[in-house]
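Worksheet for the structure shown next.
Numbering of residues begins at 1 and proceeds along the displayed sequence.
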Amino acid sequence: MSAAPDICVVGAGVIGLTSAIVLAEAGYRVRVVARDATDDTTSAVAGGLCWPYRIRPYEEAVRWSLRSLEVFTGLAGRPAETGARLVAGITAEAAGAAGGEHGPAPEEGLDAWYAAVPGLRPARAEELPPGCGAGWRARTPLVEMPVHLRYLERRLAAAGGTVVARPVASLAEAADGVRAVVNCSGLGARELVPDDGVHPVQGQLVIVENPGIEEWFTAADAGAEDTTYVLPQPFGLVLGGTAREGAWSREPDPAVAEAIVARCARYFPQVARARVLAHRVGLRPARPAVRLAAERLPDGTVCVHNYGHGGAGVTVSWGCADEVLRLVRDAVAPA
């Protein structure tokens, strides 16, 4: 860019990049500033299934998720370029859960999501793996995050945006010389804002050679520390997972990895013999509720906060980016 940017976006994960793209494509001059390279963000290790998980408030999360579903469905026509594919799968309840002829009750607060996902229906008994009492079947986006993040970087560059790799010590520093700041710092918002309501929810997963599983599967209580999911990605089969509140370690725990494989093998015995390719740990940036709102910094610069998406950053990314654009437009017109 030859001119100074209108907007500084702090953070280069999926939330920061999508926010920057929507702003840049609307005519704003955008610079993304981030301490961590995109490959080192939580987004890079996300499983990539589009489904609202560990995110509040429900009503807004569903609205953001449905907008992202629309965008990802369009991107799924070019999977090699965008990393997005439409893949069928089942979100199930464990054996013994109460499910009737119309399937289990939708997850608390997500009725509107279940009602709006195209083709979502109760799974038939023969579609469920052994050990499942009931479930829902749908064809939803499953995003290969390393490919998708590269796509987002290219799309931002094509719209005139730039990315600068450097730490940001304060929002005041980010506001220097720009007309607005968009704070997509994720877990970093704990110190940057500061906001002590932001905390990590540690997620560990195991990647194995895919023994022939073509559909995704989840059996996860929204509040449980140990979850079960199987996600077929081009680079391997992703097995998960965990959701440990307040855990900061990014080091894989061998005992936890063994337990993850064992849980997945209860439903898909073949994964127990699959060769392990990698172990990954990410820290979800959780908060009692997503903070997506504008305020004025002490110098008068508008700051739009967009952080605290928990386990649904990918799922709500495009919907939240549209909201960021609306909030910025209310305060700053493109130059």
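In this structure, the side chains of Val181 and His305 stay at 4.5 Å or more apart for every pair of heavy atoms. The shortest side-chain heavy-atom distance between Thr218 and Thr227 does not fall under the 4.5 Å cut-off. Put simply, the side chain of Glu60 does not reach to within 4.5 Å of the side chain of Val290, judged on heavy atoms. Side-chain contact between Val22 and Val324: absent, with no pair of heavy atoms (C-beta onward) separated by less than 4.5 Å. Counting heavy atoms from C-beta outward, Asp226 and Arg244 have side chains that approach closer than 4.5 Å. Looking at Val302 and Val328, their side chains never come closer than 4.5 Å, going by heavy atoms from C-beta outward. Side-chain contact between Cys132 and Tyr267 is present, with at least one heavy-atom pair separated by less than 4.5 Å. Two residues are said to be in side-chain contact when any heavy atoms from C-beta on lie closer than 4.5 Å; Cys264 and Thr228 meet this criterion.
A distance of 11.0 Å separates NE2 in His148 from CD in Glu81, rounded to the nearest 0.5 Å. The structure places CG of Leu171 at 7.0 Å from OG of Ser185, a figure rounded to the nearest 0.5 Å. Note that CD of Glu295 is 11.5 Å distant from OG1 of Thr301, once rounded to the nearest 0.5 Å. From Thr18, atom OG1 reaches atom CG of Leu152 across 7.0 Å, with rounding to the nearest 0.5 Å. Atom CD of residue Glu209 and atom CZ of residue Arg273 lie 13.0 Å apart, to the nearest 0.5 angstrom. Atoms NE2 and CZ, on His309 and Arg284 in that order, are 15.0 Å from each other to the nearest 0.5 Å.
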Please test Thr38 against Ser43 for side-chain contact (heavy atoms from CB on, under 4.5 Å), starting from the C-alpha separation and ending with a verdict. CA-CA 8 Å; Thr38 299; Ser43 301; over 6 Å; no

Please step through side-chain contact (heavy atoms from CB on, under 4.5 Å) for the pair Ile7 and Val332, ending with a clear verdict. CA-CA 9 Å; Ile7 299 170; Val332 178; 5.7 Å; no

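Using a cut-off of 4.0 Å between Lys/Arg side-chain N and Asp/Glu carboxylate O, Arg326 and Asp322 are scored as not salt-bridged. Between Arg287 and Asp196 there is no salt bridge, since no side-chain nitrogen of the basic residue lies less than 4.0 Å from a carboxylate oxygen of the acidic one. Taking 4.0 Å as the cut-off between side-chain N and carboxylate O, Glu25 and Arg155 count as a salt-bridged pair.
Ring pair Trp113/Trp51 is perpendicular by interplanar angle, where above 60° counts as perpendicular and below 30° as parallel.
If you chain together hydrophobic residues whose side chains sit under 4.5 Å apart, Val45 and Leu239 never meet in one group. In terms of hydrophobic clustering, with Ile, Leu, Val, Met, Phe, Trp and Tyr side chains grouped at heavy-atom distances under 4.5 Å, Val9 and Val33 are assigned to different clusters. Under the 4.5 Å side-chain heavy-atom criterion for ILVMFWY residues, a single connected hydrophobic cluster contains both Met145 and Val71. The cluster map of Ile, Leu, Val, Met, Phe, Trp and Tyr, joined by side-chain heavy atoms under 4.5 Å apart, puts Tyr28 and Val178 in different clusters. Hydrophobic cluster membership is shared by Leu66 and Tyr114, with clusters built from Ile, Leu, Val, Met, Phe, Trp and Tyr side chains linked at under 4.5 angstrom.
Between the side chain of Thr82 and the main chain of Leu75, a donor-acceptor pair closer than 3.5 Å is present. With hydrogens and angles disregarded, a donor-acceptor distance shorter than 3.5 Å links the side chain of Thr242 to the backbone of Gln204. A donor-acceptor distance shorter than 3.5 angstrom exists from the side chain of Glu173 to the backbone of Ala169, with no hydrogens or angles considered. Although no hydrogens or angles enter the test, the distance criterion places a donor-acceptor pair under 3.5 Å between the side chain of Gln233 and the main chain of Val143. Using a distance-only test at 3.5 Å, with no hydrogens or angles considered, no donor-acceptor pair links the side chain of Glu144 to the main chain of Gly48. Using a distance-only test at 3.5 Å, with no hydrogens or angles considered, no donor-acceptor pair links the side chain of Trp136 to the main chain of Leu120. The main-chain N or O of Val198 is found under 3.5 Å from a side-chain atom of Arg190 such that the two form a donor-acceptor pair.
Considering Val281, Leu205, Val206, Ile260 as possible partners of Pro252, the one that fulfils the side-chain contact (heavy atoms from CB on, under 4.5 Å) test is Val281.
Using modelled atom types, one finds no donor on one side chain facing an acceptor on the other under 3.5 Å when comparing Thr315 with Ser65.
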